[in-house]
Amino acid sequence: MDDLTTSQRQAVSHIDGPLLVLAGPGSGKTRVVTRRIAHLVESGVPPSQILAITFTNKAAGEMAERVESILPAARVWVSTFHRFCARLLRKHASVVGLESNYTILDTGDQKTAMRRVMRDLDLDPVHYSPDRIAWHISTAKNDLVTAEMFVRRFEEQIGDHWQATVAKVYPAYQKWLLESNAVDFDDLLLHVAVMLSEHEELRNSLDERFRYVLVDEYQDTNIAQYQIVRALSQQYPNLCVTGDPDQSIYGWRGARIANILRFEQDYPDARVIRLEDNFRSTQAILRSADALIAHNTQRKDKQLITQNPEGDPVQLLRFSDSHLEADGIARRIREMVEAGGRNWNDFAIFYRVNALTRQLENALMRHRVPFQVAAGVAFYDRAEIKDILSYLRLVYNPADRAAFLRVVNKPLRGLGKTSQDRLVAWAGREGVDFIEAARRAQEVPKLSKRAVSAFRKFAEMIDDFSLADAGSVENLLTSIIERTAYTKPWEGSPVEKEQQQLANVQELVTAAKQFDTTFTDETSLEGFLEQTCLVNETDSLDDSLDDTSGQVTMMTLHAAKGLEFPVVYIVGVEEGLLPHERATRENDPNEIEEERRLLFVGITRAQEKLSLTETGRRSFRGRDLMTIRSPFIAEVECETVDCTDDAVMPEWQQQQLQESLTQRREDAGGQPLQFDNKPLLMTGADLLNGEKKGIDIPQGFRQGMLVRHPRYGRGTVTTTDGHGPRRTVTVQFEESDLTKTFHAAKSPLQPIGT
DNA sequence: AATTGTGTAGTTTTT
DNA sequence: CTACACAATT
């Protein structure tokens, strides 16, 4: 306890009764929580009675790891909300009308499901976009409004035409899910919440089982999560919640900041502890953060105190346009690294919308600054991965409609839309799952002979897979890939995209192999499927984030929560972007306050140096508009730096860069250049599969050079023309015999070896 | 069944 | 500007 502050110590040593820990940014919250768990166990609480809930897998992983390092033997259940609910639901599926082998739909499946349901209801997808309807349904679920409740409410008090539509779609969508023996993400929470409220004896036993419950980031809980936590803390209200209302940035997803604000009313004998000592940032940075957040009205007053030095003043960099902004940041970062004392990974760039990355990426590349973007297509969202996983899902849950429809004709088996529709309709009438229906395809009316045999062959194949499912997910996976010849058309293909897809499939097999060796129970298929839909790729990305020494990190402000960096840039602090125009449109003060909290989160990530940027003009969505100053600028204490005189890199310097690059490329013997011996990583997937790909400066193409284009494959540069941004390259491609001319700066061409 | 055209919408996204 | 869904082709 010696290494803790007074309030940290109080929180750690609290055992029985409700506890609210209001933890400011950088106040050592995670440390307090893990130490408290250890303390509970040391004080005689059986580990099996402790349940710690987080939002992200990463947080859960970290917490579990840290608890284990203090108490190696203790088996405390540390889990995310969704995983916890998935497990409970597995056990008690029948209570909500599901089978225990239910599958979890991801957002993609959800969308397709929504589209089909709406088509069946004859709703115009142009007027009522499935996306929006899905959003309405998700909101309802987060607010604990079931389909029945929604319909009832709508009938009682007629709403607008959107509600009328949702009242039609929501129940139909739920029916679709139930028939598929499937749930979506929101259902995991909703079902469990309903289950707990309708089955007192079950709630009772779970309350008793989990006597000590801890919830992290409580300010981000939605109504469903709130109810679940409450239900588990009735007889044994040893509930400890930690969070910071000032960091609540997920209101748009149904999170209720009120949950944490009213904790003391919910549990009148709650102890409240504030962690206000900040161990992360300089005084200057904290003062800015404090000054900004003080403008929010809906909040508990909280001071941020630090013993850290004053540090550099917070800067507002003003650029004339977004191009110069990107360029200016890249140059500053390079200069600071070259001046010594800073590594690339000391820097982070945050922005409100992903669309701002492009210009930044270009500028960083021009300045040879290695970087990674914490975004990109999630691994498990890739089409090829979802296809293969759909086979797995079908083996596990033959009623999974989304999975069935996804792969029944992939690769092509001559089972077109019409045949599929007939079979699905018949399966619905007969009340059998889709594999059973395919097995008995000859009984389905109006099916062509060819379709019948194709369906039967398909069913036979899935049946074989089920038999082969002897615990090893890897074996099952490889037999699926072989039997379906799924990757056949890509093998030996020159098209980069297809090679990538091949690699992704391979990566999935590796993941399965890994899973097999770590979890060796007979329910491994279930576990693997759960893992693949509840685990996000960024979880793996963040690991490499910590120990890669060599890259600047770019991410959205939302993604930045919980992280810290010595030097931080927050770009585009402008009206319309931050606050985002959609937050200002309704003129809802709550939304503006959330935008302010978002900036607050960004600011408090910085340890030593913080710069905000704004521009005079910004080209966005193909339009070039004058910028209006963000109201937040006046609320932050900062020093304005005029960078409007910044010029783009002068001609001579560009030329010099050009020449040195050419030289280096020759030295490298045609190999892709790697700067400072650090590979430049682009996407999360690259990080995940460890593929180190060098990114090249596009201007440096020369005649005779071998290049690769993601679409056209390998080719040779025949001519080059022009200079600077106007420089063009003409390439003769091998495979297709095509000759194409590209703008060197814009094309995705990459030099390759041999 | 794959290719090409057309329209349209466009934050943030822990699971 | 650009990604995506869907329609209309061939």
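Letters A, B, ... are given to chains in the order of the sequence lines, protein chains preceding strands, and every chain is numbered from 1. As the structure is a prediction and not an experimental result, all values here were calculated from the model.
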Sidechain-backbone polar pair: A/Asn296 side chain, A/Arg299 backbone, donor-acceptor under 3.5 Å: no
Are any side-chain N or O atoms of A/Ser419 and backbone N or O atoms of A/Leu415, one a donor and one an acceptor, separated by less than 3.5 Å? no
Euclidean distance, atom CZ of residue A/Arg352 to atom C1' of B/dT11 [Å, nearest integer]: 5 Å
Report yes if the distance between the aromatic ring centroids of A/Tyr396 and A/Phe528 is under 6.0 Å, otherwise no. no
Is it true that the NZ or CZ of A/Arg90 lies under 6.0 Å from the centre of A/Tyr102's six-membered ring and within 45 degrees of the ring axis? yes
Would you please indicate yes or no on a ring centroid separation below 6.0 angstrom for A/Tyr569 and A/Phe350? no
Please determine which of A/Thr221, A/Thr54, A/Thr242 meets the side chain to side chain donor-acceptor pair (under 3.5 Å) test together with A/Asp216. A/Thr242
Using whole Å, what does the distance between atom P of nucleotide C/dA3 and atom NZ of A/Lys111 come to? 14 Å
Give me the distances for all protein-to-nucleotides 6-8 of chain C N/O pairs that come in under 3.5 Å?
residue, atom, partner, partner atom, Å
C/dC6, OP1, A/Arg115, NH1, 3.1

Nearest whole Å is fine: how far is B/dT11 C1' from A/His558 NE2? 8 Å
Answer yes if the ring centres of A/Tyr128 and A/His161 are under 6.0 angstrom apart, and no otherwise. yes
Kindly indicate whether the side chain of A/Arg253 and the base of B/dT11 share any N or O donor-acceptor pair separated by less than 3.5 Å? no
Less than 4.0 angstrom between a side-chain N/O of A/Asn354 and OP1 or OP2 of B/dG10, yes or no? no
Tell me: OH of A/Tyr351 to C1' of B/dT11, nearest whole Å? 13 Å
With centres under 5.5 Å and planes under 30° as the test, does A/His580 stack with B/dT11? yes
Can a side chain N or O of A/Asn57 be found less than 4.0 Å away from OP1 or OP2 on B/dT14? no
Does A/Arg585 have more than 12 heavy atoms from other residues, nucleotides or ligands lying within 6.0 Å of its CZ? yes
Hey, does A/Asp106 reach any base, or is it just sugar-phosphate, or nothing, if we go heavy atoms under 4.0 Å? nothing
Salt bridge A/Arg582-A/Glu591, side-chain N to carboxylate O under 4.0 Å: no
It should be established whether A/Thr107 places a side-chain nitrogen or oxygen under 4.0 Å from OP1 or OP2 of nucleotide B/dT15. no
Could you give the CZ-to-C1' distance, from A/Arg358 to C/dT2, as a whole number of Å? 7 Å
Say we look at C/dC4 and B/dT13: how far apart would their P atoms be, to the nearest angstrom? 16 Å
is_close_aromatic(A/Trp252, A/His580), centroid dist under 6.0 Å: no
Just the rounded figure in Å: distance from P of B/dT12 to CD of A/Glu595. 11 Å
When rounded to whole Å, the CD to C1' distance for the pair A/Glu574 and B/dT11 reads 15 Å
Answer yes or no as to whether B/dT11 has its base stacked against A/Trp252, where stacking requires a ring-centre separation under 5.5 angstrom and planes under 30 degrees apart. no
Has A/Arg605 got a side-chain atom pairing as donor or acceptor with A/Val601's backbone, closer than 3.5 angstrom? yes
Distances for protein N/O vs nucleotides 1-9 of chain B N/O pairs under 3.5 angstrom?
none

Looking at DNA chain B, which of residues 80-91 of chain A put a heavy atom within less than 4.0 Å of it? A/His82
Taking the six-membered ring for Trp, are A/His136 and A/Tyr170 ring centroids under 6.0 Å apart? no
Can you check the A/His191 NE2 to B/dT15 C1' distance for me, whole Å? 15 Å
